Engineer: 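Provided herewith is a single structure, encoded as structure tokens, for subsequent inquiry.
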Amino acid sequence: MTAATPPAQGPAAGPPSGPPSAELIAAGFALENADAPVLHHGINLADLAHLLDLGSAGVIPPAAARRMLALVLDAMAIPASDFPYDPANGEPYNSREKYFAERAGDVAGWLHAGRPRREAIRIAFRLRLRDDLARLIEAAAGLAADIARQARAHATTLMADQTYLQHAQPSTFGHYVLSFAYPVLRAGRRLSEALEWADASPGGAGCVNGTSLRSDRGHVAALLGFRSIAEHTRDAMWQTDGLFDMVSSAAGLVVTQSELAEDLEIWASQEFDYVTLADGYSRASVLMPNKRNPYALSIIRGAAGTLIGRLTGLLAVAKTPSARSDNLIFAYGEVPRALGLALRTTELTAGVVRTLTVNSARMAAVLEGGFSQATDLAEFVMRDCEVDYRTAYRVVGHAVREASARRLRGVDIDGDLLDAAAAALTGKPLGLAGRDLSAVLDPGHIVASRTSLGGAAPAEVTRMAGEVTERAATLAGQAHGWCEAHLAAEAALVATAHKCVAAASDADFLDIAGAVPGSRGKRRSGGRK
């Protein structure tokens with residue numbers, strides 16, 4: 001017989017037998033335990049669903065399942081800040097294990113059957129994310145609705161819209177501000193897609209290949225109110241792409257708000273005086289009595305930069321080989337904090353928009369004093385004088401420079417000035433001497449002419465504002481509906497656990513534990529969406 005080849009030398013097999021180093025506790029486990037409050041409630045729910053699932057399948061003896069359910073229900077009543085999470089024990093899951101073992105001895109060991117610690121944490125993470133996302137989507141919808149209200153109120157408030165802080169074309173404040181509602185709604189839809197990702201259950205995925213103890217992954221998903229099941233077990237346990245999507249969408253939502261905030265900060269200055277922030281969103285200087293600082297706008301802009309940094313950090317940490325914990329250890333706290341920051345910022349922006357005072361007279365005066373009607377004037381010259389647009393552009397540009405040098409306004413340009421400009425550039429006048437150009441140069445007339453889809457004509461702005469309001473209401477209603485469904489599933493799960501604890505017999509326990517409470521009815525089989 002040939003002797004078996006001895007295994008190659010390598011790291012010792014099996015878990016470490018000694019305590020963690022002080023450095024690992026300080027740099028690693030302390031970090032994870034600091035994020036335990038984010039996951040505390042969700043871990044309790046995940047434990048309840050796991051115990052009911054395996055208890056109903058007969059994997060866990062009914063008496064042991066009832067004992068553990070009672071302990072988890074007790075733990076739910078303890079605020080995360082008071083629960084004995086201790087970095088010296090390791091991860092938060094280890095502190096929970098110690099807590100249950102001290103109260104139930106070896107009975108607590110049943111909680112590990114068919115499930116690694118990371119599965120409980122992944123479930124808890126998704127439970128937290130789906131609630132955070134639903135609230136953020138509702139806030140985004142609320143912001144879009146507030147913008148639409150301002151747009152409707154100022155559909156006829158004339159202003160010179162700007163690019164590069166230069167007068168561009170005559171428009172209205174309603175048309176301007178409504179341009180921010182559309183990216184806000186698009187961000188809301190992207191967040192809804194991220195919510196769908198978060199609302200897929202990783203329950204039963206195990207480490208990479210599930211467990212022979214749980215053939216029906218649908219039961220845990222239904223108990224926790226998940227919309228679907230993350231199908232491939234390895235992917236379900238280790239996927240992170242949905243995290244990128246939700247933080248990116250949240251960052252994009254706030255970057256849109258930052259663009260508006262930067263405009264409003266300039267326009268709230270004495271030099272512009274286009275808008276005034278409500279007192280509740282401003283801050284006074286303690287030194288200079290003349291200062292009215294638009295403090296809320298600084299918060300919005302700073303939040304956008306912070307979220308960009310958090311997205312970058314999340315992507316950088318996730319750049320690892322597959323099936324690694326480091327890309328999630330940091331995400332457990334960072335992603336909810338990012339969504340929370342986006343939520344608070346979105347609510348702040350909505351407040352700013354809702355209470356904003358628009359200085360219509362100032363906007364109209366600045367519009368009248370400028371040359372924003374130059375494009376329309378060039379188009380008139382092109383059509384009426386039958387010249388190419390490039391020539392018309394050059395003639396009007398020359399006339400604008402001459403009018404500005406003479407301290408005239410755009411509305412003061414007349415046919416004589418245009419003829420002189422044409423003669424200087426082309427050697428012959430356009431034949432506009434004595435022509436009345438008041439209708440061509442009137443900003444109100446120009447705005448009223450923009451009746452094409454998406455234009456600044458008041459009726460079109462009002463129509464778009466109405467559609468934005470409807471879309472925002474639909475988006476908010478969907479998010480609110482999912483939030484209510486999550487709360488209902490949680491309440492039903494907790495009620496089922498209480499009933500199981502109080503069950504008069506093992507048979508009663510099995511009947512109660514095997515049922516799926518709520519609208520989903522009886523227990524599902526299979527594991528697909």
Side-chain angles (χ1 to χ4, degrees), residues 151 154-180 182 263 267 272 274 360-465 467:
H154 292 282
T156 60
T157 300
L158 295 174
M159 64 171 283
D161 206 342
Q162 299 175 354
T163 60
Y164 295 93
L165 285 179
Q166 308 295 315
H167 284 199
Q169 292 177 288
S171 185
T172 66
F173 184 78
H175 187 261
Y176 158 79
V177 76
L178 192 60
S179 68
F180 294 94
Y182 288 91
D263 285 353
W267 291 1
F272 276 80
Y274 280 6
S360 305
R362 171 64 176 168
M363 286 184 172
V366 172
L367 170 63
E368 189 173 293
F371 297 91
S372 61
Q373 59 273 82
T375 299
D376 284 78
L377 182 58
E379 291 174 352
F380 163 78
V381 169
M382 178 191 72
R383 291 193 303 265
D384 196 81
C385 302
E386 298 181 349
V387 298
D388 67 277
Y389 185 76
R390 180 63 181 167
T391 298
Y393 174 96
R394 292 175 62 220
V395 167
V396 171
H398 190 283
V400 165
R401 286 192 295 273
E402 179 64 21
S404 179
R406 291 162 56 181
R407 298 189 179 279
L408 299 175
R409 304 166 301 170
V411 293
D412 298 325
I413 296 175
D414 56 19
D416 293 338
L417 192 57
L418 288 171
D419 268 3
L425 290 171
T426 67
K428 60 180 180 179
L430 296 170
L432 293 174
R435 285 286 298 273
D436 180 11
L437 303 180
S438 59
V440 178
L441 297 169
D442 177 40
H445 178 78
I446 292 171
V447 169
S449 73
R450 298 306 201 263
T451 57
S452 63
L453 183 69
E460 183 63 7
V461 171
T462 300
R463 180 195 66 78
M464 288 188 289
E467 289 191 357

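The figures here come from the full heavy-atom set of this structure, side chains too, leaving out hydrogens, waters and symmetry mates. Just so it is clear, the model here is predicted, and its values are computed rather than measured.
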Engineer: Are L377 and L418 packed together at the side-chain level, in the sense that at least one heavy-atom pair is separated by less than 4.5 angstrom?
Structural biologist: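 Counting from C-beta outward, L377 and L418 do come under 4.5 Å.
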Engineer: Side chains of residues 170-178: which donor-acceptor pairs under 3.5 Å do they make with residues two or more places apart or in other chains?
Structural biologist:
residue : atom : partner : partner atom : Å
T172    : OG1  : H175    : N            : 3.0
H175    : NE2  : G454    : O            : 2.9
Y176    : OH   : D263    : OD2          : 2.7

Engineer: With a 4.5 Å heavy-atom cut-off, do L432 and D384 have their side chains touching?
Structural biologist: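 The answer is yes; the side chains approach within 4.5 Å.
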Engineer: Which atom pair, heavy atoms only, marks the closest approach of A456 to V461?
Structural biologist: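 The pair with the smallest heavy-atom distance is O-CG2, 3.7 Å.
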Engineer: Can you tell if the side chain of V411 reaches within under 4.5 Å of the side chain of Q373, non-hydrogen atoms only?
Structural biologist: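 When only atoms from C-beta onward are counted, Q373 and V411 do touch, with a gap below 4.5 Å.
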Engineer: Apply side chain to side chain contact (heavy atoms under 4.5 Å, CB included) to the pair L417 and E402, showing each step before the final yes or no.
Structural biologist: CA-CA 8 Å; L417 192 57; E402 179 64 21; 3.7 Å; yes
Engineer: How close do G434 and D416 get, counting heavy atoms only, and between which atoms?
Structural biologist: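 For G434 and D416, the tightest heavy-atom pair comes out as N-OD1, 3.5 Å.
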Engineer: Could you check whether atom CZ of R394 has more than 12 heavy atoms from other residues, nucleotides or ligands sitting under 6.0 Å from it?
Structural biologist: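 For R394, atom CZ is not crowded (no more than 12 foreign heavy atoms under 6.0 Å).
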Engineer: Sequence neighbours left out, what passes ring pair (Phe, Tyr, Trp, His ring centres under 6.0 Å) with F380? Give chain and number order.
Structural biologist: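 F380 satisfies ring pair (Phe, Tyr, Trp, His ring centres under 6.0 Å) with no residue once adjacent residues are dropped.
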Engineer: Do the side chains of W267 and Q162 get nearer than 4.5 Å, heavy atoms only?
Structural biologist: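 Yes. Closest side-chain heavy atoms under 4.5 Å.
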Engineer: What's the spacing between L441 CG and R409 CZ if we round to 0.5 Å?
Structural biologist: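 So the CG of L441 and the CZ of R409 are separated by 10.5 Å.
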Engineer: Within a radius of less than 6.0 Å around OH of Y182, do more than 12 heavy atoms belonging to other residues, nucleotides or ligands occur?
Structural biologist: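 Enclosed.
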Engineer: Taking the side chain as every heavy atom from C-beta outward, state whether E368 and P443 have any pair of such atoms under 4.5 Å apart.
Structural biologist: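 E368 vs P443: side chains apart.
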Engineer: To the nearest 0.5 Å, what is the distance between CG (D412) and CG (L437)?
Structural biologist: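 D412 atom CG to L437 atom CG measures 11.5 Å (nearest 0.5 Å).
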Engineer: Just to verify, what does T375 make a side chain to side chain contact (heavy atoms under 4.5 Å, CB included) with, not counting sequence neighbours?
Structural biologist: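 For T375, the residues satisfying side chain to side chain contact (heavy atoms under 4.5 Å, CB included) (neighbours in sequence not counted) are Q169, E379, Y389.
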Engineer: Is any side-chain heavy atom of I413 less than 4.5 Å from a side-chain heavy atom of L408?
Structural biologist: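 I413 vs L408: side chains apart.
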Engineer: Return the CD to OG distance between Q166 and S372, rounded to the nearest 0.5 Å.
Structural biologist: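 Between atom CD of Q166 and atom OG of S372 there are 12.5 Å.
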Engineer: At their closest point, which heavy atom of D419 faces which heavy atom of A433, and how far apart are they?
Structural biologist: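 D419 and A433 have their closest heavy atoms at OD2-N, 3.1 Å.
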Engineer: Nearest heavy-atom pair of F371 and H167: which atoms, and what distance?
Structural biologist: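 Answer, listing the atom of F371 first, then H167: N-ND1, 4.5 Å.
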Engineer: Short question: side chain of T426, backbone of A422 - any donor-acceptor pair under 3.5 Å?
Structural biologist: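 Flag set: sc T426 to bb A422 pair under 3.5 Å.
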Engineer: With heavy-atom distances below 4.5 Å as the criterion, would you say the side chains of E460 and L453 are in contact?
Structural biologist: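 Side chain of E460 against side chain of L453, heavy atoms only: contact under 4.5 Å found.
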Engineer: Taking only Lys NZ, Arg NE, NH1 and NH2, and the carboxylate oxygens of Asp or Glu, determine whether R450 and D376 approach each other closer than 4.0 Å.
Structural biologist: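 Yes.
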Engineer: Hey, are D414 and R435 close enough for a salt bridge, meaning a charged N less than 4.0 Å from a carboxylate O?
Structural biologist: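 No, D414 and R435 are not salt-bridged.
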Engineer: For P458, does its backbone N or O pair with a side-chain atom of T462 as donor and acceptor, under 3.5 Å?
Structural biologist: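 Pair found, side chain donor or acceptor close to backbone of P458.
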Engineer: What is the minimum heavy-atom distance between A378 and A392, and which atoms define it?
Structural biologist: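 Smallest heavy-atom distance, with atoms named: O-CB, 3.4 Å.
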Engineer: Minimum heavy-atom separation for L430 and V381, please, with both atom names.
Structural biologist: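 Shortest heavy-atom separation between L430 and V381 comes out as CD1-CG1, 3.8 Å.
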